[in-house]
Number of protein chains: 2
Amino acid sequence: MSLDHILLGMLSTPASGYDIRRGFSEGARHFWSAELSQIYPALKALEKRGWLTSRLEPPAKGPPRRVYRRTAQGRAELLRWLGEGPQMGTERFAYLGQLCFMHELDDLQATSDFMLELRSRLRAFLALLQQAESDIAGTDGAHVDTLNAEDFHVYLAIRMGVRSLRAKVDWCDEALEQIERQRRPRAVAAGNATQAPKELRHG
Amino acid sequence: MSLDHILLGMLSTPASGYDIRRGFSEGARHFWSAELSQIYPALKALEKRGWLTSRLEPPAKGPPRRVYRRTAQGRAELLRWLGEGPQMGTERFAYLGQLCFMHELDDLQATSDFMLELRSRLRAFLALLQQAESDIAGTDGAHVDTLNAEDFHVYLAIRMGVRSLRAKVDWCDEALEQIERQRRPRAVAAGNATQAPKELRHG
DNA sequence: ATGACCATGTAATCCGTTACATGATTCG
DNA sequence: CGAATCATGTAACGGATTACATGGTCAT
């Protein structure tokens with residue numbers, strides 16, 4: 001399971017389940033996420049395997065927290081996983097399915113609206129990531145060379161998010177243009193004055 | 001569930017579970033996938049709901065096939081789903097987690113090797129998608145304007161895959177450069193002759 | 001006849017989400 | 001006092017993968 005290893009990685013310093021969840025909603029949110037209801041049992045299982053230890057720590061203020069620490073075996077397992085090569089899961093994009101099937105509506109306006117909505121959501125997420133990027137390395141990666149090893153690796157990971165999201169936003173722009181061109185009579189260059197057939201049958 | 005709607009979408013023409021699986025390993029593979037063991041029960045459930053009907057069709061050759069057809073209600077449900085707006089699930093990238101945690105190896109050569117491997121896998125997938133793209137619309141989208149509504153929508157979906165994969169490959173290139181820069185003494189411009197400290201401690 | 005491929009399915013297991021249950025502390 | 005937040009968990013359900021079980025056809 002990947003979540004196990006993500007948890008091992010996030011536990012380079014001791015933390016509680018609640019802390020880790022905060023990590024998912026802040027730093028790690030662009031590449032992974034998990035709910036508390038998944039995190040707690042997972043941590044328990046990792047402890048049973050000997051990859052973590054835990055201790056109840058009643059802090060000066062607030063309810064007691066169960067703080068987990070990575071063991072030497074836990075770290076070894078993390079390193080083993082890192083050596084396994086890139087783990088690439090199957091990506092599923094329901095919205096691309098929707099787009100493919102949208103021809104059944106026979107209404108390019110609907111497709112266009114769909115792409116506009118998609119672009120706005122992608123842009124919102126891109127803005128978040130760009131913020132994270134400039135927080136860590138300044139505008140345009142001004143001080144990438146001054147980053148410590150940890151921040152440098154995180155920076156690289158954020159860059160993927162930024163680039164791939166920007167590509168998707170650009171794709172929306174391109175698609176919207178092509179939809180416009182598809183909607184107009186396609187005979188602009190050919191000078192042919194057909195009645196803008198909405199649909200061409202394929203052979 | 002999204003799979004249900006993907007199946008409804010793929011059943012614009014009658015097909016068996018086996019046919020649909022072929023669709024996932026060919027045309028639809030860039031945005032969705034499912035195993036036969038998931039497809040068969042899902043089709044059965046859709047039939048129970050009245051969104052599909054099925055018939056055993058013993059073909060001239062080979063074993064009998066159960067062929068599914070979409071009902072009017074099935075089509076209505078598909079259209080309803082299309083109207084719901086883009087369905088964006090949570091994306092999980094285990095390999096970005098690996099990259100983030102890789103600083104624990106304290107060996108930029110390992111990071112570099114990792115990125116090389118990742119790039120080669122991404123390139124392989126990109127090549128497949130570019131093939132699909134030119135199959136449908138010619139090189140550089142030469143005949144996009146001549147596509148029927150269905151192929152046009154599929155073309156748009158493929159374009160997203162191409163653009164986002166290209167962005168990821170470019171990201172690998174950029175990262176590899178930055179890793180090289182990180183490995184060299186960073187004092188090139190400053191003219192400072194320190195012993196190339198491998199790691200800078202953060203405050 | 002052996003293996004590759006067509007074709008359909010079930011069962012076990014795992015991963016992830018949603019809902020539920022509990023209780024302390026802090027702020028207004 | 002009441003709401004928000006901190007903090008830990010369990011239970012039920014749903015979605016996806018892997019393994020298992022079966023049998024027909026076709027080419028070598």
Side-chain angles (χ1 to χ4, degrees), chain A residues 1-8 11 14-26 28-29 31-49 52-68 81 87-94 97, chain B residues 1-8 11 14-26 28-29 31-49 52-68 81 87-94 97:
Chain A
M1 209 217 309
S2 284
L3 174 65
D4 288 351
H5 295 100
I6 301 283
L7 293 176
L8 286 177
L11 281 167
S16 71
Y18 204 84
D19 294 335
I20 288 172
R21 202 291 216 80
R22 212 178 290 120
F24 282 133
S25 39
E26 293 167 10
R29 87 180 153 316
F31 70 80
W32 205 270
S33 84
E35 299 300 320
L36 281 170
S37 58
Q38 197 186 2
I39 294 170
Y40 287 124
L43 290 172
K44 202 180 267 190
L46 289 173
E47 185 176 19
K48 209 167 162 186
R49 281 202 171 197
L52 300 177
T53 58
S54 79
R55 210 189 331 161
L56 269 175
E57 292 193 1
K61 304 196 158 192
R65 302 153 32 84
R66 181 170 296 275
V67 175
Y68 287 87
W81 183 61
Q87 303 290 305
M88 317 179 69
T90 325
E91 294 179 37
R92 282 180 175 81
F93 296 96
Chain B
M1 209 219 309
S2 284
L3 174 65
D4 287 352
H5 295 99
I6 301 283
L7 293 176
L8 286 176
L11 280 167
S16 69
Y18 204 85
D19 293 336
I20 288 172
R21 201 287 216 81
R22 212 179 290 121
F24 282 133
S25 39
E26 292 165 11
R29 87 181 154 313
F31 69 81
W32 206 272
S33 83
E35 299 300 319
L36 282 171
S37 57
Q38 197 186 1
I39 294 170
Y40 287 125
L43 290 172
K44 201 178 268 190
L46 289 172
E47 186 175 19
K48 209 167 163 187
R49 282 201 172 196
L52 300 178
T53 59
S54 79
R55 213 193 325 164
L56 268 175
E57 293 191 2
K61 303 200 159 190
R65 302 153 30 85
R66 181 170 296 274
V67 174
Y68 286 88
W81 183 62
Q87 304 290 306
M88 317 177 69
T90 325
E91 295 179 37
R92 283 181 175 81
F93 297 96

For [X] and [N], what is the distance between atoms [atom1] and [atom2] respectively, to the nearest whole Å?
X      : N       : atom1 : atom2 : answer
Y18(A) : dT8(D)  : OH    : P     : 9 Å
L7(B)  : dA16(D) : CG    : C1'   : 13 Å
I39(B) : dT18(D) : CD1   : C1'   : 15 Å
R55(A) : dT8(D)  : CZ    : P     : 15 Å
Q38(B) : dT17(D) : CD    : P     : 6 Å
L36(A) : dA11(D) : CG    : C1'   : 16 Å
R21(B) : dT18(D) : CZ    : C1'   : 14 Å
W32(B) : dA16(D) : CH2   : C1'   : 10 Å

*Please report the shortest heavy-atom distance between P14(A) and V67(A), naming the atom on each side.*
CB-CG1, 3.7 Å

*Which pair of non-hydrogen atoms, one from F24(A) and one from R29(A), has the smallest distance, and what is that distance?*
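Scanning both residues completely, I find the closest heavy atoms to be O-CB, 2.8 Å.
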
_Those residues that, when tested against E47(B), pass salt bridge (charged side-chain N to carboxylate O under 4.0 Å, His left out) (two or more places apart)_ = none

_Of all nucleotides in DNA chain C that come within under 4.0 Å of a heavy atom of chain B, which is furthest toward the 5' end and which toward the 3' end?_
dC6(C) to dT17(C)

_Classify S2(A) by what it touches in the nucleic acid, base, sugar-phosphate, or nothing, heavy-atom distance under 4.0 Å._
nothing

*Name the nucleic acid region contacted by R22(A), choosing base, sugar-phosphate or nothing; use a 4.0 angstrom heavy-atom cut-off, strictly under.*
sugar-phosphate

*Pair R66(A), S16(A): side-chain N/O donor-acceptor within cut-off below 3.5 Å*: no

*Using a cut-off of strictly less than 4.0 Å, decide whether R66(A) has a side-chain nitrogen or oxygen near OP1 or OP2 of dT8(D).*
no

_OP1 or OP2 of dT17(D) under 4.0 Å from side-chain N/O of R92(A)_ =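 It does, given that an N or O in the side chain of R92(A) lies less than 4.0 Å from OP1 or OP2 of dT17(D).
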
*If we only count heavy atoms from C-beta on, is the E57(A) to P64(A) side-chain gap below 4.5 Å?*
no

_Closest-nucleotide mapping onto DNA chain C: is V67(B) or T90(B) further toward the 5' terminus? I mean the 5' end._
V67(B)

_Assess whether a salt bridge exists between D4(B) and R49(B), defined as any Lys/Arg side-chain N lying under 4.0 Å from an Asp/Glu carboxylate O._
no

*Is the side chain of R21(A) donor-acceptor paired with the backbone N or O of E35(A) at a distance under 3.5 Å, no angle test?*
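The answer is no, because no donor-acceptor pair under 3.5 Å joins these two groups.
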
